[in-house]
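Every chain is numbered from 1 and lettered A, B, ... according to where its sequence line falls, protein lines coming before strand lines.
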There are 2 protein chains.
Amino acid sequence: MATRNGPRTEPRTPLSRDRVLRAAVKVADEGGIESLTMRRLAEELGAEAMSLYYHVAKKEDVLDGIVGVIAGEINEAVGRIDVPSQGAAWKAAVRQRILTARQVFLRHPWAPRVFETRTDVSPAVVQYFDALIGLMRDGGFSNDLAHHALHALGSRALGFTQEMFDPGDGTGDESAAMLDAMAEQLPHLVGMLREIAHDDPDSTLGWCDDQTEFEFGLDLILDGLDRMRETA
Amino acid sequence: MATRNGPRTEPRTPLSRDRVLRAAVKVADEGGIESLTMRRLAEELGAEAMSLYYHVAKKEDVLDGIVGVIAGEINEAVGRIDVPSQGAAWKAAVRQRILTARQVFLRHPWAPRVFETRTDVSPAVVQYFDALIGLMRDGGFSNDLAHHALHALGSRALGFTQEMFDPGDGTGDESAAMLDAMAEQLPHLVGMLREIAHDDPDSTLGWCDDQTEFEFGLDLILDGLDRMRETA
DNA sequence: GGCCCGAACTTACCTTGTACGATATTGCGC
DNA sequence: GCGCAATATCGTACAAGGTAAGTTCGGGCC
């Protein structure tokens, strides 16, 4: 009765958890995370939705797996870094590591949201953090300070931030008139937006999270930690 | 034909966008954000799912509205604060404001996730940021520095952070044995966890975001900004 | 050949968002 | 009070998506 792909066609590479997860990343890369449905994923693999359940427990499991794949990509990237980290060099080492991890997220703009919604940590992520702690220890951090540092960095440690604030791509347009309208309600905000002219309309990750701002915040924290390290 | 609540029973307070949104917050407070469905929401209001659509455009609109309600709650809370903010006092003023906002999120643990997924900013949130900028200006911040500051704070400006790292509530139990098992794979992490003993198992918001760690990170950033303000 | 079993597939169910049109209710000029 | 338009609510129904259960297929082993 000739199923969709006939019984006697080419053998078709078998599914596997790994293949499923990689396909999931591909689908998300192409159509965004909301396009990732079990049916779409199956289609990508030339299979049926229910066949996936032989390799993953449920959709949550796919999301968990995706985090692992991305974290693996990050670990691979940072693993190639070889710079000194002893003493004062810790800061540059951590900085480079984080910015390298960030590169991966820039390739997968949907990934931050997935990372944030995961409740149990993947081994690959834990591994990443372990190495980061190692660098801090090299710099003379106490375990206590390293712990605080991880919390202080939060998602920034992995290379992304979630911005609460998006000055709506204030590109000329009609927004100038809009600013006038809001000026009395929001004097400080409008004053600020008017002045900063928003002259960097490129490279955003999520909402207004451009490279310059990311590095500003990162350096602010790293500098603060460095001071604590020295006075300890 | 006696509808669910009979045609002649007590008049039932009419729906309204505001009532719908408040009910939505209530449902989320009681059952978590995933329990918030249009049917459940209607039930809470003693109405039918489709009736809600007269007052809100779609579910996304409900989520947007929820953000407004919570932000309103925050604005109300911080509005009662009256402390000096000129010059060096800016830091204490901002600090208090943020920690006050945080109190609201501690009452609605599901809210951070909703805030993060909103793409267009609510007026109430913008208003909150405007006031925050005002405080920084009082402290002598340039508009440029205030802008950087907002990005550096990110969601912390509103009172919450998203932690990427959850040391699994390392309360004694079996986790001690687990630590031994991981010790060689993750030497730095295990060493850290062993030492910090994790002696504060209370007051978490989201993942391991306890008050102490929040304040540590917040102060780290505020102190850094304060230094920049002075040297400017 | 008959049997077992892993892998993939088929069907079908349930939840959830929401379009559409019918119905009920309210406010208001007379 | 009365009728009628505006306002508000409801009932029905469908589509998308996750997934439970049972079924089929093919290849290795006796």
C/dC9 phosphate, OP1 or OP2, under 4.0 Å from A/S51 side-chain N/O
yes

Protein-nucleotide distance (B/K59, atom NZ; C/dA19, atom P), rounded to Å:
15 Å

Hey, is the side chain of B/H55 poking within less than 4.0 Å of OP1 or OP2 on D/dT7, counting only N and O atoms?
no

Please report the distance, rounded to the nearest Å, between CG in B/L41 and P in C/dT18.
12 Å

Of all the choices, C/dT18, D/dG11, D/dT19, which nucleotide is nearest to the side chain of B/E48 once you look at every atom?
D/dG11

Between atom CZ in A/R19 and atom P in C/dA7, what is the gap in whole Å?
14 Å

Do B/Y128 side-chain atoms and B/V78 backbone N/O form a donor-acceptor pair below 3.5 Å?
no

Between A/S122 and A/A124 (side chain of the first, backbone of the second, donor and acceptor by atom type, cut-off under 3.5 Å), is there such a pair?
yes

Proximal nucleotide (of D/dG17, C/dG17, D/dT19) relative to the B/M38 side chain
C/dG17

A/E43 CD to C/dC9 P: how many Å, rounded?
13 Å

Using the closest heavy atom to pick a nucleotide of DNA chain C for each, name whichever of A/Y54 or A/R39 lands nearer the 5' end.
A/Y54

Do any N or O atoms from the side chain of A/R97 and from the backbone of A/A157 form a donor-acceptor pair under 3.5 angstrom?
no

Side chain of B/M50 only, heavy atoms from C-beta on: which candidate in C/dC9, D/dG18, C/dT18 is closest?
C/dT18

With distance as the sole test, does A/D130 use its side chain to make a donor-acceptor pair with the main-chain N or O of B/H188 at under 3.5 Å?
yes

Return yes if some donor-acceptor pair links the side-chain N/O of B/K59 with the main-chain N/O of B/L36 below 3.5 Å, else return no.
yes

For A/L36 and D/dA16, give me the distance from atom CG to atom C1', rounded to whole Å.
14 Å

What integer distance in Å separates A/I33:CD1 from D/dG17:P?
13 Å

B/Y53 has an atom OH; how far is it from atom P of C/dA22, in whole Å?
21 Å

Of B/S16 and A/E34, whose closest DNA chain D nucleotide lies nearer the 5' terminus?
B/S16

Separation of atom CG in B/L52 from atom P in C/dT16, rounded to whole Å:
14 Å

